[in-house]
A.B. asks: 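Dumping the structure here so I can ask a few things about it.
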Amino acid sequence: MADQHSSVATATTIVQHVSEELPSRYVLPEQHRHGGIPAGEAMPEPLPVVDISRLPTTDEASKLRAALESWGLFLATNHGIEASLLDALMDGAREFFRQPLETRQEFSNLVDGTPRHKGYTDHPVLSQDQTIDWFDRVHLAIDPEDERDLSSWPRFFRDAMLEYAGESKKITDQVLRAIATLLELEEDHFISKFTDRAITFAAVNYYPPCPAPDHVFGFRPHSDGRLITVLLADNDIGGLQVRKDGRWYNVPTKPGSLLVFVGDSLEIMSNGAFKAAVHRVVTNPVKERISLAMFFGVDGDTVLEPASALLDETRPSRYRKMRTKEYIQGILELYSRYERMIETMKI
Ligand SMILES: O=C(O)CCC(=O)C(=O)O
Ligand SMILES: [Fe+2]
């Protein structure tokens with residue numbers, strides 16, 4: 001999420017020392033508490049499932065449309081990625097987070113004390129008085145390729161991650177082709193924007209057990225900034241929730257499948273036809289949880305704006321234009337105040 005991180009003790013470290021009392025910087029201000037009830041509701045209908053291998057067919061494309069219109073999120077099946085690769089990623093991630101702090105810090109995001117948007121960190125902190133969420137993460141720059149810096153990736157999941165990055169990009173391309181077709185745009189409308197400077201990031205998230213789940217967020221409510229997020233979520237433990245009409249619903253997982261989210265950039269480019277999924281993670285008092293998010297975005301200089309073919313006199317632009325890098329910077333600034341950048345873009 002953020003480009004800046006602090007060097008304070010991580011949630012993982014804190015949880016080893018604190019059993020009942022939370023350090024105050026994790027404790028949510030009263031107005032942001034989730035009603036003291038971290039449990040979300042069961043979805044009123046099953047989470048839509050899209051068979052990626054059937055996506056070019058109109059049947060499957062209409063399922064995709066329904067999924068995007070109702071939740072901005074769906075479960076992707078038959079995506080072509082071997083279950084063994086997904087398992088290797090999860091196992092590698094789990095192994096990394098089980099290492100002593102010393103080992104984890106070999107991959108720190110700090111270079112001479114200065115945070116970068118790569119490496120191992122506790123939750124992004126923009127100011128010292130901001131509350132933070134109960135998770136640690138490893139950020140990896142995947143694209144552009146010249147920023148990849150493989151030697152700095154934790155060996156525990158390096159090879160699996162590299163393979164997975166390529167495979168999940170194929171899913172993203174298939175989904176974006178189908179979405180362009182649904183919007184009656186050229187099939188390559190979105191993927192033609194993935195130039196060799198396009199940005200792909202991976203985040204490996206770790207939520208340690210939390211002694212007070214109703215006083216913290218695992219990950220505060222947000223939508224992802226890029227076009228598409230492909231998420232590999234822990235099958236053993238829930239916690240991810242999505243918001244719809246002001247209510248929070250538990251997102252189910254399915255072994256072998258992936259979750260695909262619409263991000264803010266796609267919401268803007270589709271002129272709001274498909275809205276970004278607002279989601280959050282709640283913690284568990286006894287179980288740890290791991291997820292792996294792959295964010296696919298356009299390059300920083302690309303202007304985010306609705307596709308011109310979607311605009312005419314009767315369908316005006318519903319969003320202001322902004323360069324991607326400024327948009328992402330805006331997300332980071334508003335994040336500390338629990339606000340969403342996309343709201344400031346609406347006309
Ligand atoms: O942990 C999860 O399930 C979601 C993570 C997430 O929302 C993110 O990395 O942006
Ligand atoms: Fe997210």
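Order of listing sets the numbers, starting from 1, for every ligand and every atom in it.
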A.B. asks: Tell me which part of Ala203 gets within contact of ligand 1: side chain, backbone, both or neither, using heavy atoms under 4.0 Å.
C.D. replies: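 None of Ala203 does.
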
A.B. asks: Can you sort out which atoms of ligand 1 are near Tyr207, meaning under 4.0 Å from one of its heavy atoms?
C.D. replies: 1 (O), 2 (C), 4 (C), 5 (C)

A.B. asks: In this structure, does ligand 1 have an atom that sits under 4.0 Å from one of the heavy atoms of Phe135?
C.D. replies: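 Under 4.0 Å: no for Phe135.
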
A.B. asks: Hey, which N, O or S atom on Asp224 ends up closest to the Fe ion (ligand 2)?
C.D. replies: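 Of the nitrogen, oxygen and sulfur atoms in Asp224, the Fe ion (ligand 2) lies nearest to OD1.
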
A.B. asks: Taking 4.0 Å as the limit for heavy-atom contacts, which would you say applies to Thr229 with ligand 1: side chain only, backbone only, both, or neither?
C.D. replies: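 Neither part.
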
A.B. asks: Has Arg137 got its NZ or CZ under 6.0 Å from the middle of the six-membered ring of Tyr206, at an angle within 45 degrees of the ring axis?
C.D. replies: no

A.B. asks: Does Arg280 qualify as a cation-pi partner of Phe217, given the criterion of NZ or CZ under 6.0 Å from the six-membered ring centre and within 45 degrees of its axis?
C.D. replies: no

A.B. asks: So for Phe261, does at least one of its heavy atoms come nearer than 4.0 angstrom to any atom of ligand 1?
C.D. replies: no

A.B. asks: Can you tell me how far apart OG1 (Thr253) and CG (Leu75) are? Round to the nearest 0.5 Å.
C.D. replies: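 With rounding to 0.5 Å, OG1 (Thr253) is 7.5 Å from CG (Leu75).
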
A.B. asks: Mark the output for Arg289 as yes if a heavy-atom distance to ligand 1 is under 4.0 Å, and as no if none is.
C.D. replies: yes

A.B. asks: Under a 4.0 angstrom heavy-atom cut-off, which atoms of ligand 1 come close to Val281?
C.D. replies: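 Within the 4.0 Å cut-off of Val281, ligand 1 contributes 1 (O), 2 (C), 3 (O), 4 (C).
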
A.B. asks: Is the centre of the Tyr207 ring less than 6.0 Å from the centre of the Phe135 ring?
C.D. replies: yes

A.B. asks: Just distance, no hydrogens or angles: give the donor-acceptor pairs under 3.5 Å from side chains in residues 174-184, sequence neighbours left out.
C.D. replies:
from, atom 1, to, atom 2, distance (Å)
Arg177, NE, Asp188, OD1, 3.4
Thr181, OG1, Arg177, O, 2.9

A.B. asks: Just to the nearest 10 degrees, tell me the angle at the Fe ion (ligand 2) spanned by His279 NE2 and His222 NE2.
C.D. replies: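 Value, to the nearest 10 degrees: 90°.
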
A.B. asks: Would you say the ring centroid of Phe97 lies under 6.0 angstrom from that of Phe156?
C.D. replies: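 Between Phe97 and Phe156, the centre distance exceeds or equals 6.0 Å.
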
A.B. asks: Quick one: CZ on Phe194 to CD1 on Ile199, what's the gap to the nearest 0.5 Å?
C.D. replies: 11.0 Å

A.B. asks: Check each atom of ligand 1 against the heavy atoms of Arg137 and keep those under 4.0 Å away; list them by number with element.
C.D. replies: 8 (C), 9 (O)

A.B. asks: Please work out, at 4.0 Å between heavy atoms, whether the side chain, the backbone, both, or neither of Ala233 comes within that distance of ligand 1.
C.D. replies: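 No part of Ala233 comes within reach of ligand 1.
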
A.B. asks: Enumerate the atoms of ligand 1 whose separation from the nearest heavy atom of Ala293 is less than 4.0 angstrom.
C.D. replies: 9 (O)

A.B. asks: Taking the six-membered ring for Trp, are Tyr249 and Trp71 closer than 6.0 Å centroid to centroid?
C.D. replies: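 Distance test on ring centres: under 6.0 Å, yes.
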
